Protein chains: 2
Amino acid sequence: MNKAAIAPILGADARMQRPGSVTQQIKNYILLNKLKPGDPMPTETELCTAIGVSRSSVREAMRQLATLDIVEIRHGHGTFVGQLSLAPLVEGLVFRGVLSPGDDLTALKEVVDVRVALDLAMAGELTARLKGTVNPDLDALVDDMERQSSAGESFAEIDREFHSVLASRLGNRLVQQLVTAFWEVHTAVYPQLGLAPASDIEDTVLAHRSMVRAAESGDAEALQAAIVAHYAPLKRALGSLDT
Amino acid sequence: MNKAAIAPILGADARMQRPGSVTQQIKNYILLNKLKPGDPMPTETELCTAIGVSRSSVREAMRQLATLDIVEIRHGHGTFVGQLSLAPLVEGLVFRGVLSPGDDLTALKEVVDVRVALDLAMAGELTARLKGTVNPDLDALVDDMERQSSAGESFAEIDREFHSVLASRLGNRLVQQLVTAFWEVHTAVYPQLGLAPASDIEDTVLAHRSMVRAAESGDAEALQAAIVAHYAPLKRALGSLDT
DNA sequence: AAATATTTGTACGTATGTATA
DNA sequence: CTATACATACGTACAAATATT
């Protein structure tokens with residue numbers, strides 16, 4: 001275990017620390033050493049000596065970076081560069097969603113509207129990429145969804161997978177993560193508001209099939225129509241009047 | 001040992017704390033007391049006694065919540081409920097943007113594509129809302145932009161304001177925050193990559209005016225065209241070939 | 001204008017739980 | 001099973017910023 005050769009760079013000047021600069025220095029360490037997600041980070045004590053601050057400060061900075069998924073802390077094992085996911089976005093928006101609705105369901109409505117907007121924005125590129133293809137994986141997911149739905153079971157995870165896979169066809173990983181993130185916010189906030197579940201979920205299930213068919217046939221407008229139909233029961237349940 | 005199902009209010013059970021549960025208890029405190037952004041939080045020492053953990057633990061939890069903008073810490077003054085902004089999203093994406101491009105500019109390209117997608121998704125609703133109106137504030141911003149541009153000055157802040165004001169017309173605050181957030185990511189990452197600034201920025205400036213005119217005249221397709229034109233110089237500079 | 005009280009920021013020491021070799 | 005390395009937690013003391021008297 002070669003532990004002497006940490007920190008090629010890192011605070012040549014160990015004195016004179018400004019608040020927050022510890023976090024920045026750890027980020028710089030990752031950048032300067034070109035670390036990728038999953039790579040091991042120095043131990044906390046090593047960072048202490050390298051940066052020249054106390055353990056507490058390093059720990060607070062690491063917690064901060066961990067909440068941003070810039071580092072990942074595994075108890076008793078070590079710290080590693082994080083996956084840089086959108087988890088903090090989800091956590092923040094979920095909190096906002098369950099906090100704000102003292103008055104209205106605006107927070108959740110806005111999330112759903114963002115989901116619709118993202119899906120609609122994907123439509124053009126998606127049809128261009130899926131036209132003339134067959135997509136057995138997506139069809140299999142819709143099959144599962146139908147089975148679960150007619151059995152009265154929840155199909156949340158399958159739904160999530162469907163939208164994630166569909167978005168992955170775009171080739172833009174950020175968009176895919178956003179789609180998944182807002183899906184998570186939506187499904188996390190919804191049950192906490194004590195609303196009746198959307199009644200005609202059958203329409204939602206069928207709409208998934210329509211989306212695949214429309215994309216495969218290269219009909220962007222049909223895809224957009226299917227997307228709107230997909231969200232219609234939900235928006236009805238939320239009493240959305242806009243858009 | 002009894003491990004789960006806590007949160008009666010705060011600190012009924014002072015022993016047996018799991019990692020992360022302190023954060024959750026503080027969030028519960030905000031929710032149960034229906035605090036709004038800007039409301040004062042208890043002091044750290046008060047939280048210590050209330051939750052029954054040490055100050056260090058409370059501090060780490062607070063730092064975590066502060067990075068999510070769920071609380072705001074003011075040195076020597078106190079802690080307050082945060083604005084629940086999308087700042088953590090911006091911070092994470094900026095870091096990803098400057099970290100990943102060892103190979104390519106994909107991270108930045110994806111951000112720009114999201115910006116385009118969001119703007120295009122706004123087009124329909126925006127024209128519906130702006131049709132037949134006059135918008136001197138937006139025009140004034142474009143005027144300023146033209147002045148700055150022809151003087152060779154940067155107009156980043158004005159540009160930001162323009163897109164923020166435009167998005168605010170939607171009535172969906174989340175969309176507005178997303179638009180602003182991705183603007184920030186874009187402008188924060190771009191200069192760190194050592195690229196030449198986009199050459200024909202004049203076109204970008206003019207496109208802003210076209211966007212306002214198109215929306216005011218209720219022509220959604222013209223608005224979408226203006227949006228595409230707005231991003232064209234940038235996408236050329238990035239060498240984007242897709243979409 | 002200056003001293004003081006309150007509150008957050010930093011540092012350090014120590015003990016304990018936990019995963020790995 | 002033991003030993004080791006590491007993360008987690010606690011407590012205290014002091015520094016720095018802010019507000020109040």
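Residue numbers start from 1 in every chain, and the chains themselves are labelled A, B, ... in the order their sequence lines are given, proteins ahead of strands. Since we're looking at a predicted model, the values are computed, not measured. Just so it is clear, the values below take in all heavy atoms, side chains as well, and ignore hydrogens, waters and symmetry mates.
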Go nucleotide by nucleotide along DNA chain D from the 5' end; which of B:Val58 and A:Arg74 gets its closest nucleotide reached first?
A:Arg74

Using Watson-Crick geometry (N1-N3 plus N6-O4 or O6-N4) or G-U wobble (N1-O2, O6-N3), each under 3.5 Å, C:dT16 is paired with D:dA7

To the nearest angstrom, how far is B:Glu72 atom CD from D:dA17 atom C1'?
15 Å

Taking CD from B:Glu60 and P from C:dT8, how many angstroms apart are they, rounded to a whole number?
16 Å

Using a cut-off of 4.0 Å on non-hydrogen atoms, how would the nucleic acid contact of A:Thr45 be classed: base, sugar-phosphate, or nothing?
nothing

Which nucleotide in D:dA9, C:dG9, C:dT7 has an atom nearest any side-chain atom of A:Arg63:
D:dA9

Rounded to the Å, how far apart are A:Phe80 CZ and C:dA19 C1'?
11 Å

How long is the line joining CE of A:Met62 and C1' of D:dA9, in whole Å?
17 Å

Less than 4.0 Å between a side-chain N and a carboxylate O, is that true for A:Arg160 and A:Glu184?
yes

Can you figure out which of C:dG9, D:dC6, C:dA11 approaches the side chain of A:Thr43 most closely?
D:dC6

Nearest to the side chain of B:Ser57, which nucleotide is it out of D:dA17, C:dA11, D:dC10?
D:dC10

Considering only D:dA7, C:dT8, C:dA11, which nucleotide approaches the side chain of A:Glu44 most closely?
D:dA7

Can a side-chain donor-acceptor contact be found between A:Ser164 and A:Gln176 if the only test is distance below 3.5 angstrom?
yes

Between atom CD in B:Gln25 and atom P in D:dA9, what is the gap in whole Å?
12 Å

Give a yes or no on whether a salt bridge exists between B:Arg96 and A:Asp69, defined as a side-chain N under 4.0 angstrom from a carboxylate O.
no

Is B:Arg115 salt-bridged to B:Glu110, cutoff N-O under 4.0 Å?
no

Report yes or no: do B:His230 and B:Asp119 form a side-chain donor-acceptor pair below 3.5 Å?
no

Nearest to side-chain heavy atoms of B:His77, which nucleotide of C:dC12, D:dA7, D:dA19:
D:dA19

Any side-chain N or O of B:Thr79 below 4.0 angstrom from OP1/OP2 of C:dT8?
yes

Closest nucleotide among D:dA16, C:dT10, D:dG11 to the B:His75 side chain
D:dA16

Consider the side chain of B:Ile73, meaning its heavy atoms from C-beta on, and name the nucleotide among C:dT8, D:dA7, C:dT10 that approaches it most closely.
C:dT8

A:Ser56 has its side chain closest, among C:dT8, D:dT8, C:dA11, to C:dA11

Is there a donor N/O on one and an acceptor N/O on the other, under 3.5 Å, for the side chain of B:Arg55 and the base of C:dG9?
yes

